[in-house]
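Computed from heavy atoms alone, side chains included, the values below leave out hydrogens, waters and symmetry copies. A note on names: the letters A, B, ... follow the listed sequences, proteins ahead of strands, and every chain is numbered from 1. Computed from a predicted model, the values in this text were never measured in an experiment.
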Protein chains: 2
Amino acid sequence: MNNNNVVTKWDVFEIVLSGPANGNPYIEIDLSATISFKNRMIKVPGFYDGNGVYKIRFMPDTEGQWFVSTHSNCTELDNIETSFECVAARDGFHGPVKVNNKFHFCHADGKPYFPFGTTCYAWTHQPLGMQEQTLATLAKTRFNKIRMGVFPKHYIYSENEPLHKAFQVIDGAENFDYPNFEMFKHFENQVAALNEMHVEADVIIFHPYDRWDYCVMSAEQDFRYVKYLVARIGAYSNVWWSLANEYDFLLDVKPIAQWDRYFHIIEENDPYRHPKSIHNGEATMDFNHRKPWVDHVCIQNWDTKRTAEWREAWGKPIVNDEPEYEGNIPRPWGNITAQELVHRFWTTVMRGGYAGHGETFMHEKDLLWWAKGGELRGESWKRIGFLRDLLEADVKNGLTPIVPAQHWEYTRVSGAIDGDVRFIYFGEHQPVEWAVGLPMEDGDYEIDLIDTWNMTIKRIEKSPLPVSPALRQKGGAIMGGDPEAAFGVQLPGIPYMAIRIRKK
Amino acid sequence: MNNNNVVTKWDVFEIVLSGPANGNPYIEIDLSATISFKNRMIKVPGFYDGNGVYKIRFMPDTEGQWFVSTHSNCTELDNIETSFECVAARDGFHGPVKVNNKFHFCHADGKPYFPFGTTCYAWTHQPLGMQEQTLATLAKTRFNKIRMGVFPKHYIYSENEPLHKAFQVIDGAENFDYPNFEMFKHFENQVAALNEMHVEADVIIFHPYDRWDYCVMSAEQDFRYVKYLVARIGAYSNVWWSLANEYDFLLDVKPIAQWDRYFHIIEENDPYRHPKSIHNGEATMDFNHRKPWVDHVCIQNWDTKRTAEWREAWGKPIVNDEPEYEGNIPRPWGNITAQELVHRFWTTVMRGGYAGHGETFMHEKDLLWWAKGGELRGESWKRIGFLRDLLEADVKNGLTPIVPAQHWEYTRVSGAIDGDVRFIYFGEHQPVEWAVGLPMEDGDYEIDLIDTWNMTIKRIEKSPLPVSPALRQKGGAIMGGDPEAAFGVQLPGIPYMAIRIRKK
């Protein structure tokens with residue numbers, strides 16, 4: 001037995017145990033631990049790591065002395081006791097992310113977390129040099145989440161051999177009853193590397209883009225793999241569980257009840273309750289994200305002005321991870337302009353949701369960020385970082401769509417509020433003056449004009465109300481005599497502007 | 001009695017009769033005619049035009065001798081007989097428009113009619129010089145329909161006094177039982193002027209933007225007014241009946257059953273069956289346009305990629321007359337860029353629908369095209385004309401959305417087909433090569449790259465299929481082995497392009 005006796009909060013405590021190497025421990029050996037702090041007891045799964053090595057990992061959330069006691073159907077591994085001390089978290093580490101304020105997220109210590117993710121489905125399966133490049137690229141961006149598959153991806157522009165197979169080759173074929181420990185070790189090392197960079201790993205457990213038959217394993221093999229994955233990486237603070245990329249393209253082999261079972265297996269084995277979601281391919285509305293085991297709504301949908309509809313439909317955080325990708329490939333989802341993707345980010349965020357980035361520019365060697373990572377070649381990522389900075393500067397609880405008296409107006413223009421700060425994003429709208437959604441109470445406000453593309457911020461002043469409140473007539477009489485705001489603003493009359501209003 | 005004895009087909013035959021001027025003939029006198037051609041008999045309403053003058057108008061659709069016999073509860077007007085000869089239509093006149101091929105329109109002679117309309121709600125209520133300017137502006141555009149209210153409009157930027165009141169002032173107040181014949185005469189003269197220019201008059205019968213209480217007349221007054229309007233202007237070939245601008249803002253004074261009754265009154269009095277529609281304010285899906293008396297769907301909705309959904313919902317032509325307006329005013333519906341409006345036109349048309357134009361630029365004298373007509377100041381109208389020209393050059397039956405094997409792709413990119421011509425419109429998508437939606441059969445095609453903003457057309461060549469057909473994998477096997485088209489095209493990788501493919 002080998003363990004580290006002092007662990008910083010939200011980092012990984014690990015016990016390494018020796019046990020049998022014969023037979024198939026992946027299937028035959030049960031291992032878990034009860035980890036306790038005072039009277040609190042937490043059940044934690046262990047896992048087999050090959051060559052007779054067994055491990056139990058745990059992420060403590062409370063400073064102080066913790067006690068560990070193992071359980072196994074193998075006497076060698078059973079009833080082992082140890083303890084460790086949890087000390088204060090490292091500087092800059094805020095713990096795992098959870099849902100907060102119904103539509104938003106925060107870290108365990110309460111620090112708001114605004115997901116600004118990107119997508120590199122198979123980056124951990126590329127040559128190691130390219131993986132380093134991916135991490136270096138991430139380091140210069142402001143992305144704080146990455147969608148990444150456990151399994152490699154077979155698809156156009158992603159046809160190279162993966163670095164490791166996911167299962168061992170036995171008698172000339174991969175055997176889904178024997179995990180390739182090298183692949184899992186490598187995968188979790190990259191999860192850990194992301195954690196050091198404060199990037200959440202949105203781990204995609206299944207997907208249909210497969211020439212290795214991982215997507216047609218038996219239900220039993222699937223369930224075992226899910227439990228194994230959770231046992232291995234659940235103790236990493238930055239893990240999110242994304243059951244699928246495009247679950248609906250796998251429905252003929254994995255019916256809905258089976259997806260629900262994956263959720264339950266995660267719940268049974270993840271004491272940290274990392275965020276869990278499932279991601280659609282075609283019909284956004286077909287999955288019932290109201291199910292209690294779904295923590296947040298992960299969708300792909302280009303029509304980002306519908307974000308508020310989705311909030312209403314499911315009552316959970318909306319993370320639209322594929323509002324199409326910046327790029328120029330001949331697939332309809334992979335070729336919007338940088339301007340359009342930035343626009344869709346702003347539209348989503350300013351309606352109380354979160355969006356995800358991806359980049360698909362043709363490359364002579366098929367090195368597309370969305371599949372393989374490497375280098376970013378587009379222009380949207382800088383503006384997305386700018387938007388994240390704006391949120392982090394002022395937003396505390398998360399943005400809520402502004403619903404002014406004429407709430408229907410917000411199907412057109414986007415606006416959101418949090419406490420003393422509000423934003424209105426105009427997108428393709430180019431008014432020369434504006435009032436809808438501005439504060440109803442006059443007072444001392446700082447108002448800034450934000451150029452979302454050029455990333456400039458310029459102080460502007462209040463102006464007289466630009467339009468009469470008497471906008472509609474009904475029954476022959478003026479409808480609604482209230483002014484639409486306490487003041488107005490003058491604007492430059494060009495598109496893709498936003499304003500920020502802060503109460504002083 | 002005074003009548004013209006020879007009438008060109010689809011023009012107005014009119015009988016002018018003298019009768020009582022006392023009492024209130026508008027309410028008290030019934031007048032109609034039976035107009036017959038061989039054994040065919042058509043019931044046509046007459047109307048009172050003030051000063052003891054009564055008129056019956058009729059638009060013949062068949063060349064030859066027609067016979068007229070009047071009916072009235074006033075003996076002076078009853079049982080008057082006359083006849084006229086209908087001769088060939090004037091050159092360039094194709095008769096009234098009707099629905100054709102389920103989702104489209106054509107003229108009476110079968111010539112396709114593709115609505116490319118604009119909106120000047122109150123142009124007939126402006127000073128006469130400005131009305132002349134409106135007609136001169138229309139003449140230089142390619143708009144072939146205009147939305148226009150019978151009643152004046154009271155609204156921001158439209159607060160001036162109308163040229164005529166709609167009803168007579170009696171005892172110091174407008175009396176809705178006494179139409180102001182001058183207004184109606186002027187209105188129909190402008191309908192006739194539009195007809196000379198081959199512009200359809202989409203006549204808005206009711207709307208809520210009103211300081212004269214026209215929108216709160218009694219139901220009986222409404223019904224009488226609708227019948228009177230139909231009797232007066234139904235014989236003009238270019239009339240369309242738009243029951244409302246934004247009917248739903250009047251629901252508290254005019255319930256749905258009352259709107260249905262207006263439709264029925266039109267059906268009872270319009271033997272020509274001019275196109276009838278009703279136009280929503282807020283919730284696009286709330287009106288059941290499947291009702292048999294609704295000929296086409298007139299909506300306002302900014303989300304033009306949903307056009308195919310609306311076609312499916314109602315099975316009728318979709319005319320999205322307010323996909324927001326080009327402009328810069330501080331109302332959310334009136335300030336999109338010219339580029340965006342052109343984009344929405346293309347998106348709509350290339351999904352099998354039709355869109356409408358409007359322009360709302362701030363003006364120091366409040367002269368906004370959308371309310372008053374006058375001059376166009378924007379940039380979209382030229383590109384909209386260019387799109388109309390493209391349709392008229394090649395489309396015969398109307399465009400139908402292309403549904404390729406992966407039909408979901410068309411929620412993203414737009415494409416439509418008619419016989420041997422097809423278009424694919426990329427909008428914010430900027431692929432460098434493309435195949436989805438191109439012909440499945442190889443052959444001799446003319447392919448053109450269309451720059452929708454710069455209005456250029458450039459011949460391009462076929463290229464090898466840009467992507468493998470093996471795009472998705474399901475159940476571990478390649479899904480669908482068919483190629484997505486017979487060939488591909490190379491594209492410039494910039495947004496707002498379209499391609500046209502014509503079979504030689």
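To the nearest 0.5 Å, the span separating CG on B:L491 from CG on A:N335 amounts to 9.5 Å. Considering CZ of A:R412 and CG of B:N301, their distance stands at 8.0 Å, rounded to 0.5 Å.
Most heavy-atom pairs under 4.5 Å with chain B, from the set A:G427, A:G493, A:G327: that is A:G327. Between chain A and the options B:E340, B:Q430, B:M362, B:R306, heavy-atom pairs under 4.5 Å are most frequent for B:Q430.
Nearest approach of B:W434 to A:R331, heavy atoms of both residues: CZ3-C, 4.1 Å. The two residues A:P431 and B:I329 make their nearest non-hydrogen contact at CB-O, 3.6 Å.
Side-chain contact check for B:E324 versus A:H429: some heavy-atom pair is nearer than 4.5 Å. Side-chain atoms of B:P332 and A:F426, non-hydrogen and from C-beta on, never get closer than 4.5 Å to each other.
Proximity to chain B (any heavy atom under 4.5 Å) is shown, for A:I336, by both the backbone and the side chain. Proximity to chain B involves both the backbone and the side chain of A:E428, based on heavy atoms less than 4.5 angstrom apart.
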